[in-house]
Asks: 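Submitted below is the structure of interest, expressed as structure tokens.
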Amino acid sequence: MKKFWVLFSLFILPLVFYIFLSKGIYKYSNLPILTEKVIDLKQAAPSTAASFSEKLSIVCFLGSDINNAKASLFNLNQTIYKRYYSKPFFQMVAILPQGLENEYNETIKELSAFTDISKWHFIYASPKNSNLLFNSFETPFTLNENGYSEYAYIVDMELRLRGRKDDEDTKGGKLYGYNMKSVSILKNKMKDDIDIIYYQLKKSAEKQERRKREI
């Protein structure tokens with residue numbers, strides 16, 4: 001019996017660990033593309049200097065109900081933005097209704113009192129352009145009458161919407177957006193999925209570096 005446990009610890013246990021690890025890495029290194037081509041920010045707000053290109057963007061549509069928007073904004077800021085704002089390529093984009101600049105300025109000022117908001121972009125757009133941008137995400141959702149969506153979305157550097165195809169809590173398995181009202185979803189799902197993209201970026205950079213050394 002003692003011999004069996006020695007053999008188990010020396011050969012079988014490492015093999016089981018390797019299989020588990022390799023499966024984990026495979027899952028960790030792939031986050032599905034749900035929409036191939038999201039339009040760029042400039043099409044929704046021509047005067048903006050912000051762009052989705054070459055950025056990892058977390059996008060939200062906050063609408064005209066300031067109190068509702070504020071709760072979502074602060075949830076997203078505390079749970080996601082503060083964790084990633086120092087990361088390369090990262091940015092947060094809030095789409096806001098044109099004409100509410102003064103109303104939102106107070107909320108943005110309050111946010112900046114305890115947060116470095118340099119990676120936040122607050123983009124004011126008409127209802128038509130907000131819907132144009134939102135519809136390019138090709139989700140099963142719509143903006144409500146205030147121009148609000150309760151979900152935050154991940155748009156990668158190639159203007160593709162990223163999410164899940166096998167989410168156990170979503171009908172059909174496709175997770176297009178992450179509910180900003182749920183801290184647990186932001187912490188346990190959105191954070192994990194952003195980490196996957198950064199893992200992909202790291203592996204891609206390492207692969208390119210190896211190729212350069214081989215040339």
Side-chain angles (χ1 to χ4, degrees), residues 20-41 44 52 55-65 67-85 87 89-96 120 123 127 130-203:
F20 173 80
L21 186 64
S22 63
K23 284 185 176 180
I25 288 173
Y26 175 77
K27 185 176 181 182
Y28 188 70
S29 63
N30 291 273
L31 185 68
I33 297 164
L34 299 180
T35 303
E36 286 286 347
K37 195 65 177 176
V38 171
I39 67 170
D40 200 8
L41 283 169
F52 289 146
K55 297 288 185 180
L56 176 57
S57 305
I58 309 303
V59 188
C60 58
F61 297 77
L62 295 182
S64 58
D65 184 338
N67 290 329
N68 190 42
K70 187 175 177 180
S72 297
L73 175 66
F74 279 72
N75 254 3
L76 200 57
N77 186 71
Q78 288 293 111
T79 310
I80 299 299
Y81 179 78
K82 285 191 171 183
R83 182 179 180 88
Y84 295 102
Y85 81 95
K87 290 271 193 181
F89 314 114
F90 184 80
Q91 67 177 2
M92 301 281 279
V93 177
I95 307 300
L96 312 173
W120 268 106
I123 310 294
S130 292
N131 275 289
L132 179 69
L133 176 61
F134 183 84
N135 291 339
S136 77
F137 289 6
E138 297 179 1
T139 75
F141 314 129
T142 58
L143 297 179
N144 72 7
E145 65 276 8
N146 297 317
Y148 172 80
S149 172
E150 65 183 357
Y151 302 100
Y153 305 90
I154 300 175
V155 177
D156 71 15
M157 294 127 103
E158 297 178 49
L159 285 75
R160 303 174 302 187
L161 185 75
R162 305 291 285 272
R164 300 184 179 190
K165 291 184 176 179
D166 58 354
D167 184 66
E168 58 188 16
D169 301 316
T170 306
K171 186 178 179 180
K174 286 189 176 182
L175 183 69
Y176 289 89
Y178 306 79
N179 196 319
M180 294 184 286
K181 296 179 179 179
S182 172
V183 172
S184 65
I185 287 176
L186 295 178
K187 277 186 175 180
N188 298 322
K189 293 188 178 183
M190 188 172 223
K191 182 181 74 64
D192 285 353
D193 291 355
I194 293 171
D195 285 342
I196 289 171
I197 293 177
Y198 274 110
Y199 178 84
Q200 290 175 320
L201 290 173
K202 179 183 176 185
K203 288 299 174 186

Asks: How far apart are the closest heavy atoms of L133 and A44, and which atoms are they?
Replies: CB-CB, 4.0 Å
Asks: Would you confirm whether the ring centroid of F141 sits within less than 6.0 angstrom of the ring centroid of F61?
Replies: no
Asks: Can you see which heavy atom on F52 is nearest to which on S57, and at what distance?
Replies: CD2-OG, 3.4 Å
Asks: About how many Å separate OG of S64 and CD of E145, when rounded to the nearest 0.5 Å?
Replies: 8.0 Å
Asks: In sequence, state the C-alpha distance, the side-chain angles, and the governing distance for Y148 and D65, and then conclude on side-chain contact (heavy atoms from CB on, under 4.5 Å).
Replies: CA-CA 8 Å; Y148 172 80; D65 184 338; over 6 Å; no
Asks: Evaluate the side-chain proximity of T170 to R164: yes if any heavy-atom separation is below 4.5 Å, no if none is.
Replies: no
Asks: Using 0.5 Å steps for rounding, measure from the CG atom of L31 to the CD1 atom of I196.
Replies: 5.0 Å
Asks: Can you see whether Y151 engages T139 through a side-chain donor-acceptor pair at a distance of less than 3.5 angstrom?
Replies: no
Asks: Do the side chains of Y84 and K191 get nearer than 4.5 Å, heavy atoms only?
Replies: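 A side-chain contact under 4.5 Å exists here.
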Asks: So does G173 get a backbone contact from the side chain of D166, meaning a donor-acceptor N/O pair under 3.5 Å?
Replies: no
Asks: Of all the heavy-atom pairs spanning I58 and A152, show the shortest one and how long it is.
Replies: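 Heavy atoms of I58 and A152 come nearest at CG2-CB, 4.3 Å.
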Asks: Taking all non-hydrogen atoms of both residues, which atom of A94 and which atom of L62 are closest, and how far apart?
Replies: CB-CD1, 4.0 Å
Asks: Less than 4.5 Å apart, any side-chain heavy atom of L56 and any of I154?
Replies: yes
Asks: Run the ring-ring contact (aromatic ring centres under 6.0 Å, His included) test against F89 and tell me which residues pass, sequence neighbours left out.
Replies: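 None.
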Asks: Would you list the atom pairs, donor with acceptor, under 3.5 Å between side chains in residues 73-82 and any protein atom, with sequence neighbours excluded?
Replies:
| unit_1 | atom_1 | unit_2 | atom_2 | d |
| --- | --- | --- | --- | --- |
| N75 | ND2 | M180 | O | 2.8 |
| N77 | OD1 | W120 | NE1 | 2.9 |
| N77 | ND2 | T115 | OG1 | 3.1 |
| Q78 | OE1 | K82 | NZ | 2.9 |
| T79 | OG1 | N75 | O | 2.9 |
| Y81 | OH | D116 | O | 2.5 |
| Y81 | OH | K119 | N | 3.0 |

Asks: Where do K189 and D169 land on the side-chain contact (heavy atoms from CB on, under 4.5 Å) test, with the steps shown first?
Replies: CA-CA 11 Å; K189 293 188 178 183; D169 301 316; 2.7 Å; yes
Asks: Given side chains that start at C-beta, do those of L41 and I95 come closer than 4.5 Å, heavy atoms only?
Replies: yes
Asks: So, for L161 and V38, which heavy atoms are closest and what is the spacing to 0.1 Å?
Replies: N-CG2, 4.0 Å
Asks: Report yes if some heavy atom in the side chain of I33 is under 4.5 Å from a heavy atom in the side chain of E158; otherwise report no.
Replies: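 In short, these two side chains do not touch, never coming nearer than 4.5 Å.
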Asks: Restricting to non-hydrogen atoms, name the atom on T35 and the atom on S136 that form the minimum distance, rounded to 0.1 Å.
Replies: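 Closest pair (atom of T35, atom of S136, distance): CG2-O, 3.5 Å.
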Asks: Decide, yes or no, whether a salt bridge links R162 with D193 under the criterion of side-chain N to carboxylate O below 4.0 Å.
Replies: no
